[in-house]
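Quick caveat: nothing in here was measured; it's all calculated off a predicted structure. Every number for a ligand or one of its atoms is a count from 1 in the order of the listing. Atoms considered below: every heavy atom in the structure, side chains included; atoms not considered: hydrogens, waters and symmetry mates.
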Amino acid sequence: MKQVIKIEGGKSLNGEVYISGSKNATVALIPAAVLANEPVTILGVPEISDVASLSEILRILHADIEEKDDVLVIDPRNMVNVDLEQDVVTKLRASYYFMGALLGKYGYVRIKMPGGCYLGPRPIDLHIKGFEALGAVVTYERGGYTISADKLVGTKIFLDIASVGATINIMMASVYAEGRTTIENAAREPEIIDVATLLNKMGANIRGAGTNVITIDGVKNLNGCIHEIIPDRIEAGTFVIMAAACAEEMKISNIIPKHIEALTSKLEEMGVKMNIGVDSITVRHSDHLKAVDITTKPYPGFATDLQQPLTALLTQVQGVSHVTDTVYSERFKHCLELQRMGADIEITNGSSTITGPKKLYGDKVTATDLRCGASMIIAGLLAEGITEIHDIYHIDRGYDDIDGKLKKLGANIWRETIED
Ligand code: EPU
């Protein structure tokens with residue numbers, strides 16, 4: 001037996017939706033909290049299965065955790081540095097943040113290869129090079145890494161690619177290191193600032209997060225603190241695209257509009273009517289949307305995580321749109337599913353060409369990864385008839401109650417349990 005999401009398309013969306021805490025910040029903040037020697041309280045934790053998986057890893061490490069509504073208290077005082085070879089580690093990508101966190105705290109970590117969405121090859125060579133530059137010895141055997149260091153010593157690390165994961169992992173590994181670590185060509189995503197903010201509240205000395213040079217001066221102790229997670233810019237962007245696709249009038253609240261400026265400027269170019277407030281965006285129905293070209297880039301460029309949801313909308317606009325993904329050149333599986341629903345899309349190496357408008361028809365489709373799932377939901381809202389989405393565990397990994405939120409906005413969306 002398995003669950004599917006079903007959507008009857010053609011309903012218009014109205015009202016207000018409240019965006020949850022950022023998934024990609026949360027999945028780094030939870031491992032970062034174990035670096036403290038006192039309890040850390042995190043507010044605004046989204047209800048997603050990646051958080052459940054990380055909580056399971058915390059329990060394996062004997063950390064005490066208390067979860068109530070959207071508050072998570074992590075007490076690392078009784079922690080034991082257990083080898084992380086359990087299957088849960090492979091359920092998500094972000095388990096790799098325990099590499100930096102446990103190496104930073106104990107000078108040793110043994111962990112299975114992390115999992116996560118398949119978006120083409122996703123190497124972690126830059127994380128490993130960073131740990132080695134700090135003085136660690138890294139070996140790979142029996143499907144996992146052993147990383148150990150007698151002593152971690154600050155140094156200058158230049159990242160060949162501005163990787164989000166490598167930047168955060170090196171930051172975590174170096175908070176207790178001797179002397180100064182400098183990360184050059186660091187990634188600048190808002191989630192990196194959020195993790196640096198938490199670590200600094202704990203007593204770390206990190207400067208420059210949000211720019212491409214981050215310096216970390218090692219400290220001797222990290223204490224507890226309270227931290228509220230930033231809003232999820234990808235969930236926000238997904239709902240803004242949904243609103244552009246099928247809303248009469250819809251307000252997307254609890255967001256930082258600046259974080260999705262690359263998206264909103266494209267939507268403006270397409271002709272979407274929006275009022276951008278301080279912490280919300282209101283989208284009104286607009287006819288005659290025009291085609292646009294998108295090239296994904298690291299922040300503040302157009303987010304790769306939003307090209308898949310946007311592609312569903314591009315099937316409905318007038319003209320030919322091109323989407324190029326320079327971050328993950330194979331992130332185009334959603335296009336095959338959209339084709340099944342009637343979209344006119346050509347996929348070439350690293351890009352897609354969408355000719356619209358083309359009527360979409362409900363069909364059985366698969367959420368091949370998390371943001372493909374969002375793309376399928378948007379296509380389902382737009383399609384004639386019923387869309388049945390399979391492998392929705394990908395969606396539940398990263399969207400907090402997406403079907404509940406859509407139902408409140410007027411969508412006809414529900415879950416069904418079906419035979420495998
Ligand atoms: N890369 C390397 N070597 C490395 C690390 C990265 O070659 O050691 C390459 C990657 O293959 C990719 C590029 O560098 O081509 C950027 O990867 P990055 O490390 O920045 O990505 P990530 O940290 O693995 C995070 C998000 C992704 C998001 C990307 C890009 C988390 C847990 N994941 O992944 O989110 O797409 O940054 O913004 O924060 C999602 O939410 O759906 C998702 C996949």
Ring-plane angle category for H127 and Y96, please: parallel below 30°, perpendicular beyond 60°, tilted otherwise. tilted
Residues in side-chain contact (heavy atoms from CB on, under 4.5 Å) with A196, at least two apart? M171, I206, A209
Would one find more than 12 heavy atoms of other residues, nucleotides or ligands at under 6.0 Å from atom CD of E269? yes
Would you please name every residue forming a side chain to side chain donor-acceptor pair (under 3.5 Å) with D305, sequence neighbours left out? R331
Hey, is E261 close enough to K258 for a salt bridge, meaning N to O under 4.0 Å? yes
What does the 4.0 Å heavy-atom contact list look like for ligand 1? K23, N24, V27, R93, Y96, L119, P121, R122, P123, I124, D125, L126, H127, I161, S163, V164, G165, T304, D305, V327, Y328, R331, L370, R371
H394: which residues meet the ring-ring contact (aromatic ring centres under 6.0 Å, His included) condition with it, sequence neighbours left out? none
